[in-house]
Amino acid sequence: MRIGILGSGLMGGKLGTLFARAGHEVIFSYARSEAKLKRLARKAGGKARAGTPRDASECDAVLLAVHWSRIDDVLKRAGSLSGKVVVTCSMPMNADNTKLVVAHTSSGAEKLARKIPRARVVAAFGTVPSEVFFDVYAARRKAGRPSLVYYGDDRKSKNVAAGLIRDAGFDPVDAGPLRMARFAEPFTMLIAQLAYERRKSARLAYRFERFG
Ligand SMILES: NC(=O)c1ccc[n+]([C@@H]2O[C@H](COP(=O)([O-])OP(=O)(O)OC[C@H]3O[C@@H](n4cnc5c(N)ncnc54)[C@H](OP(=O)(O)O)[C@@H]3O)[C@@H](O)[C@H]2O)c1
């Protein structure tokens, strides 16, 4: 699959690298330096390359991985996302990443979907810290994969997200419609607290187990 990365920082850079290693054609875009995008593509190997947000938006699926304050700018630069699968890991955080600016009665994922009503929005990957991605990928052939929730209202985009989650080494857990982001986004604040608590490792994932 061709995957466009909109926002090639901690999340986009690592996930794009793993998608390329899993055999996808990846375009890294939207960083402040063109050299960084080229370096990421070179290190990812496979069929990865650097491009513009417009190039990224022409792929089969797009990963949206920017700070909440950059959403409007990156969407403007990407152009039409009509009919596109848009996987978002973006959290609706304030400038210093200390609190959610949308919560309880709506969510970042729902607000984003309203900005691009013709796109097929699904939320995935945003509930774990980027620090754990390479560990999870390296352990993908072992038993007991960590879980990763995804949620959305569009069947096609949910299938794409589930495939990418598996490619990255997680066990996809369908958490239902996009409005589940109202619960998943605050849950992510809890995960962040556990990950970045002093003197603890941020290489943290989670696993749900059903007994019966
Ligand atoms: N980091 C995590 O562990 C984590 C976990 C869960 C969810 N999230 C969410 O995922 C999203 C992405 O987080 P992140 O940590 O990957 O952020 P990040 O490292 O800051 O990456 C954001 C990307 O946007 C680019 N960017 C910022 N301003 C720009 C501008 N003016 N012009 C062009 N490019 C610009 C950055 O460029 P540069 O590369 O040049 O800096 C970077 O490539 C956020 O919404 C965050 O809340 C993050």
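Counting starts at 1 for both ligands and their atoms, in listed order. Treat the numbers as computed from the prediction; the structure is a model and nothing was measured.
Interface of Y196 with ligand 1, defined as ligand atoms under 4.0 Å from a residue heavy atom, comprises 3 (O). Against a heavy-atom cut-off of under 4.0 Å, A65 is close to the following atoms of ligand 1: 11 (C), 12 (C), 22 (C). Numbered from 1 in the order shown, with element, the atoms of ligand 1 that lie under 4.0 Å from a heavy atom of K36 read 38 (P), 39 (O). Each of the atoms 33 (C), 34 (N), 37 (O), 39 (O), 40 (O), 43 (O) of ligand 1 lies under 4.0 Å from some heavy atom of A31. Close contacts of ligand 1 with V128, meaning ligand atoms under 4.0 Å from a residue heavy atom, involve 5 (C), 6 (C).
One hydrophobic cluster holds both L194 and F183 under the rule that ILVMFWY side chains link at heavy-atom gaps under 4.5 Å.
No side-chain donor-acceptor contact under 3.5 Å links S57 to the backbone of L81. The backbone N or O of R140 sits less than 3.5 Å from a side-chain atom of R145, completing a donor-acceptor pair. No donor-acceptor pair closer than 3.5 Å links the side chain of N94 to the backbone N or O of V101. Although no hydrogens or angles enter the test, the distance criterion places a donor-acceptor pair under 3.5 Å between the side chain of S29 and the main chain of I5. In terms of modelled atom types and a separation under 3.5 Å, the side chain of D60 and the main chain of R2 share a donor-acceptor contact.
Closest heavy-atom approach to atom 3 (O) of ligand 1 within the set S130, C89, G126, S90: this belongs to S130. Scanning M11, E185, R32, E131 for the heavy atom closest to atom 36 (C) of ligand 1 points to R32.
Atoms CG and CG, on L15 and D167 in that order, are 11.0 Å from each other to the nearest 0.5 Å.
Here the protein heavy atom with the shortest distance to atom 46 (C) of ligand 1 is M91 N, 4.1 Å. Atom 17 (O) of ligand 1 has as its closest protein heavy atom L10 N, 4.5 Å. Closest to atom 25 (C) of ligand 1, if we only count protein heavy atoms, is Y30 O, 3.5 Å.
Per-atom contact check: atom 20 (O) of ligand 1 does not touch the protein, criterion being a heavy-atom distance below 4.0 Å.
Taking 4.0 Å as the cut-off, V74 does not count as a neighbour of ligand 1 on heavy-atom distance. Residue F28 places no heavy atom under 4.0 Å from ligand 1.
Comment: D171 does not engage R207 in a salt bridge, judged by the lack of any side-chain N to carboxylate O separation of less than 4.0 angstrom. A salt bridge between R77 and D73 is present, with a side-chain N of the basic residue lying under 4.0 Å from a carboxylate O of the acidic one.
With ring centers used as reference points, Y151 lies 6.0 Å or more from F187. Between F170 and Y150, the ring center distance fails the sub-6.0 Å criterion.
In terms of polar-atom proximity, defined here as any N/O pair under 3.5 Å, F125 makes no such contact with ligand 1. At a 3.5 angstrom cut-off on N or O pairs, S8 counts as close to ligand 1. Annotation: P129 places no N or O atom under 3.5 Å from an N or O atom of ligand 1; distance criterion only. Between M93 and ligand 1, no N or O atom pair is found at a separation short of 3.5 Å. The distance criterion of under 3.5 Å between nitrogen or oxygen atoms is met by V66 with respect to ligand 1.
Of the heavy atoms in R70, only side-chain atoms (C-beta onward) come closer than 4.0 Å to ligand 1.
Other residues, nucleotides and ligands place no more than 12 heavy atoms under 6.0 Å from the CZ atom of R203.
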